[in-house]
Participant: 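A single structure is presented below for examination.
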Amino acid sequence: MTIRVRFAPSPTGHLHIGGLRTALFNYLFAKKEGGAFILRIEDTDEERSTRESVDAIYQGLMWAGLTWDEGPMPDGSVKGNFPPYYQAQRADMGIYKKYIDQLLAEGKAYKCYCTPEELEEMRQKAHAEHRPPRYPGKCRNLTKEQQAELEAQGRKYVIRFKMPTEGETVFNDLIRGEVRFANRDLYDLVIQKTSGYPTYNFACVVDDHLMEMTHIIRGDDHISNTPAQIQMYRALGWKEPIFAHLSMIHGPDGTKLSKRHGDTSVIEYKRQGFLPEAMINYLALLGWSTPDSQQLFAPGELEEKFDIKGCQKSPAVFDTVKLMWMNGDYIRQLSSKELLNRAKPFIEEAGIAKGVDEGRLEQIVALEQEKYKTLREIPDLISFFFTAEVKFDEAAVNKVFKTETAKKALELMIDKYGALQDFTEQTLEQTARTAAKEAGLKAGQIFHPVRVSVSGRTNGPTLFKMLEYMGKDMVLKRMRAALRYC
RNA sequence: GUCUCGUUCGUCUAGCGGUUUAGGACGCCGCCCUCUCAAGGCGGAGAUCACGGGUUCGAAUCCCGUACGAGACGCCA
């Protein structure tokens with residue numbers, strides 16, 4: 001049997017880091033096992049589901065390169081043999097209703113007429129009496145007459161699933177091993193809302209079965225839903241899939257990663273200048289590892305090496321610092337052409353280097369490639385190439401220009417460089433070194449003032465390449481202008 | 001409160017009864033390289049393997065408790 005797994009997000013907000021990681025593990029598992037990765041949109045929450053959120057999910061997955069083999073496509077088309085892949089559409093087709101009716105007919109589900117207010121009251125009471133705040137089964141054994149009476153009053157109802165009250169539900173989780181729940185701790189959960197829509201737990205079971213999922217890989221936060229879902233599979237006469245519960249991602253404070261920890265949306269990381277391949281590599285390592293604890297993976301290597309056995313049971317703290325390092329590493333591996341392509345949106349957004357020749361811009365961007373941790377910092381680091389005047393860093397001026405030899409050095413180099421025909425890296429360096437020797441100065445006493453005079457900064461790219469790319473006119477102009485600071 | 005799960009350097013982790021003076025990575029510190037900053041190379045500090053019992057000739061590794069943490073307990077998913 002071919003392996004089929006799915007990512008089933010609910011479109012009620014941005015696709016966040018945790019969701020992307022769940023998608024990733026499903027994706028990798030499918031790739032590794034030669035199975036199919038399916039996208040299903042769980043939009044049975046009529047109030048919170050939005051079109052924008054669906055778009056955010058598409059965008060996030062596509063950015064990360066997690067292509068799905070089946071599911072709805074951003075252009076409105078559908079791929080796969082089990083459409084539709086939107087649960088709301090499936091609900092409208094009566095797919096869930098059919099199984100609800102079946103359970104009702106078999107006495108495995110019942111109508112519950114309790115109002116939200118009554119439910120809340122029961123929960124309060126349970127809390128006060130130190131009992132678990134679960135539905136106590138008030139409508140479970142209503143007679144036909146009682147039901148008729150309640151309906152005559154115009155009462156709305158939900159459908160609840162009859163959970164077994166004895167025995168236990170045991171399953172073998174691929175990551176956590178055997179997990180057991182006493183059935184007495186289960187409760188009669190709602191499977192159909194008053195609106196007629198199914199609830200998550202029910203729709204999920206029906207679709208996972210109908211779509212022939214073999215493995216359910218999802219967050220740990222679903223582990224307590226699992227015994228209930230298993231009971232529903234059994235009541236419907238279906239075989240349950242194999243479950244694997246991924247550990248959570250935590251923030252620095254040790255609690256589940258959420259808005260509280262800042263903007264965790266995937267698109268925000270794109271905006272911050274992270275490379276999708278770095279993000280994926282980092283996320284893969286959160287709660288998963290190879291036996292040799294490999295850190296960096298070449299393209300395609302994760303798909304090849306992924307093994308669900310390497311998944312961690314305990315939660316992992318999301319570490320932005322390590323992500324930054326990894327992102328820097330991926331940036332360093334880019335060709336200068338590719339680096340420019342990736343950097344372009346950020347450069348454009350910063351509004352610098354307009355109309356600059358592509359080839360020249362590529363050279364300039366590549367000049368400090370080893371320094372970038374994110375694409376977003378690129379504009380700031382290269383902007384001095386394109387400004388009309390140098391913006392001097394005060395500390396740099398004090399440190400480098402306020403010396404006895406700075407003025408002399410600059411005047412000397414204005415003279416020497418002014419006479420140069422061949423304004424290229426090698427000649428530039430040679431000229432500077434010779435001049436230093438002749439004047440009895442150390443190389444640094446020349447280099448540093450020149451650097452600050454043209455860039456305003458004390459740290460920057462390798463000096464002579466920088467001068468070459470800047471060009472003779474600009475270099476001389478800037479050195480002369482800098483004289484007044486000495 | 002109830003249920004479930006978890007606990008190895010600050011963080012991500014390797015480890016699956018003896019090869020462990022517990023290995024790697026990020027971060028941190030130092031040195032080297034060097035026109036600055038990075039990058040790179042080399043080295044260092046950093047974990048009584050949560051705690052307490054057991055099993056065993058031998059335990060981070062197996063078992064039982066305790067503590068702490070997290071998650072779940074919705075007509076949300």
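Within every chain, numbering begins at 1; the chains are lettered A, B, ... in the order of the sequence lines, protein sequences first and strands thereafter. Only heavy atoms go into these numbers, but all of them, side chains included; no hydrogens, no water, no symmetry mates.
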Participant: Quantified in whole Å, what is the C1' atom distance between nucleotide G52(B) and nucleotide C76(B)?
Facilitator: 42 Å
Participant: G71(B) pairs with which nucleotide, Watson-Crick or G-U wobble, both distances below 3.5 Å?
Facilitator: C3(B)
Participant: Is there a donor and acceptor pair, one atom on the side chain of T194(A) and one on the base of C75(B), closer than 3.5 Å?
Facilitator: yes
Participant: So which nucleotide does G43(B) pair with, by the Watson-Crick or G-U wobble rule with both distances under 3.5 Å?
Facilitator: C29(B)
Participant: Would the F392(A) and Y485(A) ring centres measure less than 6.0 Å apart?
Facilitator: yes
Participant: Roughly how many Å apart are G30(B) and C63(B), using the C1' atom of each and rounding to a whole number?
Facilitator: 46 Å
Participant: Please pick, from U13(B), C3(B), G15(B), the nucleotide with the shortest atom-to-atom distance to any side-chain atom of S293(A).
Facilitator: U13(B)
Participant: Check the distance between C37(B)'s C1' and L381(A)'s CG and give it to me in whole angstrom.
Facilitator: 10 Å
Participant: Of the nucleotides G1(B), U2(B), C12(B), which has the atom closest to the P133(A) side chain?
Facilitator: G1(B)
Participant: H222(A) side chain: which of A77(B), U13(B), C12(B) is closest?
Facilitator: A77(B)
Participant: Would you mind telling me which of C75(B), G27(B), C35(B) lies closest to the side-chain atoms of V190(A)?
Facilitator: C75(B)
Participant: Below 4.0 angstrom, N of the basic side chain to O of the carboxylate: do E394(A) and K399(A) qualify?
Facilitator: no
Participant: Does the pair R342(A)/E277(A) count as a salt bridge with the N-to-O cut at 4.0 Å?
Facilitator: yes
Participant: For nucleotides C73(B) and A47(B), find the distance between their C1' atoms and express it as a whole number of Å.
Facilitator: 36 Å
Participant: Under 4.0 angstrom, heavy atoms only, what part of the nucleic acid is G287(A) near: base, sugar-phosphate, or nothing?
Facilitator: sugar-phosphate
Participant: Just to be sure I understand the rule, does D292(A) reach a base, reach only the sugar-phosphate, or reach nothing, if contact means heavy atoms closer than 4.0 Å?
Facilitator: nothing
Participant: Among A77(B), C75(B), C5(B), which nucleotide has an atom closest to any side-chain atom of V179(A)?
Facilitator: C5(B)
Participant: Counting side-chain heavy atoms from C-beta on, which of G71(B), G27(B), U4(B) comes nearest to W325(A)?
Facilitator: G27(B)
Participant: Considering only atom C1', compute the distance from U66(B) to C26(B) and round it to an integer number of Å.
Facilitator: 34 Å
Participant: A77(B), OP1 or OP2 - any side-chain N/O from K193(A) closer than 4.0 Å?
Facilitator: yes
Participant: Would L285(A) and F297(A) count as a side-chain contact (heavy atoms from CB on, under 4.5 Å) if you check the C-alpha gap in whole Å, the side-chain angles of each, and the deciding distance to 0.1 Å?
Facilitator: CA-CA 10 Å; L285(A) 253 27; F297(A) 294 81; 3.8 Å; yes
Participant: Side-chain N or O of K322(A) less than 4.0 angstrom from OP1 or OP2 on G24(B)?
Facilitator: no
Participant: What is the distance, rounded to the nearest whole Å, between atom CE of M466(A) and atom P of U34(B)?
Facilitator: 20 Å
Participant: Pairing check on A60(B): which nucleotide meets the Watson-Crick or G-U wobble criteria with it, both distances under 3.5 Å?
Facilitator: none
Participant: If you pin T199(A) and G310(A) to their nearest nucleotides in RNA chain B, which one's is more 5'?
Facilitator: G310(A)
Participant: Between C35(B), G71(B), U2(B), spot the one nearest the side chain of L463(A), thanks.
Facilitator: C35(B)
Participant: Taking atom P in both A50(B) and C9(B), what distance in whole Å separates the two?
Facilitator: 8 Å
Participant: Can you confirm whether the side chains of T199(A) and N201(A) place a donor and an acceptor under 3.5 Å from each other?
Facilitator: no
Participant: I want to check a possible cation-pi pair here: R332(A) against Y330(A), using under 6.0 Å from ring centre and within 45° of the ring axis as the test.
Facilitator: no
Participant: Which base sits across from G65(B) as a Watson-Crick or G-U pair, both distances under 3.5 Å?
Facilitator: C51(B)
Participant: Closer to the 5' end of RNA chain B via nearest nucleotide, is it Y200(A) or S314(A)?
Facilitator: S314(A)
Participant: What's the gap between A22(B) and U4(B) when it is taken at their P atoms, as a whole Å value?
Facilitator: 36 Å
Participant: Roughly how many Å apart are A60(B) and U8(B), using the P atom of each and rounding to a whole number?
Facilitator: 15 Å
Participant: Looking only at side-chain atoms of T462(A), point me to the closest of A39(B), G6(B), C35(B).
Facilitator: C35(B)
Participant: Flag the pair F318(A) / Y282(A) as yes when their ring centroid distance falls below 6.0 Å, and as no otherwise.
Facilitator: yes
Participant: For the side chain of R134(A), counting heavy atoms from C-beta on, which of U36(B), A39(B), C3(B) is nearest?
Facilitator: C3(B)
Participant: A25(B) and A67(B): how far apart are their P atoms, nearest whole angstrom?
Facilitator: 39 Å
Participant: Paired with A14(B) by Watson-Crick or G-U wobble geometry, both distances under 3.5 Å: which nucleotide is it?
Facilitator: none
Participant: Distance check needed: A72(B) C1' versus Q229(A) CD, whole Å only.
Facilitator: 13 Å
Participant: Taking the minimum atom-to-atom distance to the side chain of K371(A), which one of U13(B), C35(B), C37(B) wins?
Facilitator: C37(B)
